[in-house]
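To start, the structure itself, in structure tokens.
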Protein chains: 2
Amino acid sequence: MKTPEELVARFREEGYKVTPQRQLIFRLLNGNTAHPTAETLYEVAAEQMPGISLRTVYQTLSELSAMGEVQHIDLGSGAVRFDPNVDDHHHVVCSTCGVVHDVYVNQTPLQFEGDVEGFAVHSTRIVFSGECAQCAHLSA
Amino acid sequence: MKTPEELVARFREEGYKVTPQRQLIFRLLNGNTAHPTAETLYEVAAEQMPGISLRTVYQTLSELSAMGEVQHIDLGSGAVRFDPNVDDHHHVVCSTCGVVHDVYVNQTPLQFEGDVEGFAVHSTRIVFSGECAQCAHLSA
DNA sequence: TTGCTAGTTCGCACGACTTGTTGATTAGCA
DNA sequence: TGCTAATCAACAAGTCGTGCGAACTAGCAA
Ligand SMILES: [Mn+2]
Ligand SMILES: [Mn+2]
Ligand SMILES: [Zn+2]
Ligand SMILES: [Zn+2]
């Protein structure tokens, strides 16, 4: 994702108004590695801006997603998570606590075999599931 | 997944009753490579057994999943898909028509790097997205 | 064969998540 | 300053899946 300042410029260029709500969401996403849901982002936003609506958070995230500034990640466990890291990366997910971390896989593009003649791969998503160090500690 | 006959035996062994509904679902899943949703499986089931309920299809799929006889695959686009193929395999998905095919990746386990000290990987899921041969033909 | 009973089915309601709508109010920006 | 987009609140709707309770039935024992 671009920096909040760059996003402000981009939004203006594309005819979107730069509202305090949008700017707040830009800042909350900037450098955010928590892979938050719309709901959790809303909760943090509401602390700094009481009155901001969940609807607006969803709306702004959709806009950023459409612009390619954030990606949305569906891990199949409840709500979609949003990720300002749009580099080519993948995720590890702790099955116990749900924490999500970025990982980078370098033996790409992956080779595969199967009955898929002529299939053109555009993107590859890898999710590693398991147990994080903290949860391993607690259960020991 | 085991054969329908084997599943009948397993269900009896574990104290589950062998109902016509369950047997039908066993048969519909046997050798099924379509990666159906509960809904699509229900539609096919209802042709052969009018009156079967969607609730029962969900129920039986949950049981089979808990037994490890089917896996459920969340591609992040709508409903969960069910897969009687429980081998270690992955999937390609056509973004245009939604078709899902099995693929096998052999450079596993995958190496990755990131800030994930002590994370114990239990499973890896890979989804290749792109365009299938049929859809490429149609759009050409 | 009959009858019991625990397990099963079914239909409906509800829940979680996300988007749509409408109408009044606010506020960005040319 | 004025046009117009954006926000908000409130509510509805849509999708996917599950909780619940009444009615039913598979399996077993008498
Ligand atoms: Mn990420
Ligand atoms: Mn499969
Ligand atoms: Zn954990
Ligand atoms: Zn296709």
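A quick note: this is a predicted structure, and the numbers were derived from the prediction, not measured. Chain identifiers are assigned alphabetically (A, B, ...) following the order of the sequence lines, protein sequences preceding nucleic acid strands; residue numbering begins at 1 within each chain.
Applying the salt bridge (Lys or Arg N to Asp or Glu O under 4.0 Å) test to residues at least two apart or on different chains, the pairs with a partner in residues 47-70 of chain A are A/Lys2-A/Glu69, A/Arg10-A/Glu69, A/Arg22-A/Glu63.
Of the residues in residues 4-27 of chain A, those lying under 4.0 Å from DNA chain D by heavy-atom distance are A/Tyr16, A/Lys17, A/Thr19, A/Gln21, A/Arg22.
For the residue pair A/Thr37 / A/Thr40, a side-chain donor-acceptor distance below 3.5 Å is found, with atom types taken as modelled. In this model, a donor atom of one side chain and an acceptor atom of the other lie less than 3.5 Å apart for A/Thr3 and A/Glu6.
The minimum heavy-atom distance between B/Gly68 and B/Val86, with the atom names listed, is O-CG1, 3.7 Å.
With hydrogens and angles ignored, the 3.5 Å screen pairs no side-chain donor or acceptor of A/Ser65 with any backbone N or O of A/Leu61.
For the helix from C/dT1-D/dA30 to C/dA30-D/dT1, the axis fitted to the five pairs at one end and the axis fitted to the five pairs at the other end meet at an angle of 30° (nearest 10 degrees).
Environment of NE2 in A/His89: crowded, with over 12 heavy atoms of neighbouring residues, nucleotides or ligands closer than 6.0 Å.
Aromatic pair A/Phe119/B/Phe128: ring centres not closer than 6.0 Å. For an aromatic pair to be called close, the ring centres must be under 6.0 Å apart, and B/Phe112 with A/Tyr104 fails this.
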Could you encode protein contacts along nucleotides 16-23 of chain D as a string, one character per nucleotide from 5' to 3', using B for base contact, S for sugar-phosphate-only contact and - for no contact, with a heavy-atom cut-off of under 4.0 Å? SSBBB---
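Boundaries of the chain A contact region on DNA chain C are C/dC17 to C/dC29, first to last in 5' to 3' order (nucleotide atom under 4.0 Å from a heavy atom).
Linking ILVMFWY side-chain heavy atoms closer than 4.5 Å, directly or via other members, places B/Met67 and B/Val80 in a single hydrophobic cluster.
Aromatic ring pairs are classed by plane angle as parallel below 30°, tilted from 30° to 60° and perpendicular above 60°; the pair A/Phe11 and A/Tyr16 is tilted. Classified by interplanar angle (parallel below 30°, tilted 30° to 60°, perpendicular above 60°), the ring pair A/His91/A/His35 is perpendicular.
Evaluation of the side-chain hydrogen bond (donor to acceptor under 3.5 Å, both in side chains) rule for A/Lys17 yields no partner, not counting sequence neighbours.
Rounded to whole angstrom, the span from the CG atom of A/Leu61 across to the P atom of D/dA6 amounts to 16 Å.
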Begin from the C-alpha positions of B/Thr60 and B/Gln21 and carry the test side chain to side chain contact (heavy atoms under 4.5 Å, CB included) through to its verdict. CA-CA 9 Å; B/Thr60 301; B/Gln21 290 90 340; 5.7 Å; no
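Taking only side-chain nitrogens and oxygens, A/Ser53 never comes nearer than 4.0 Å to OP1 or OP2 of D/dA9.
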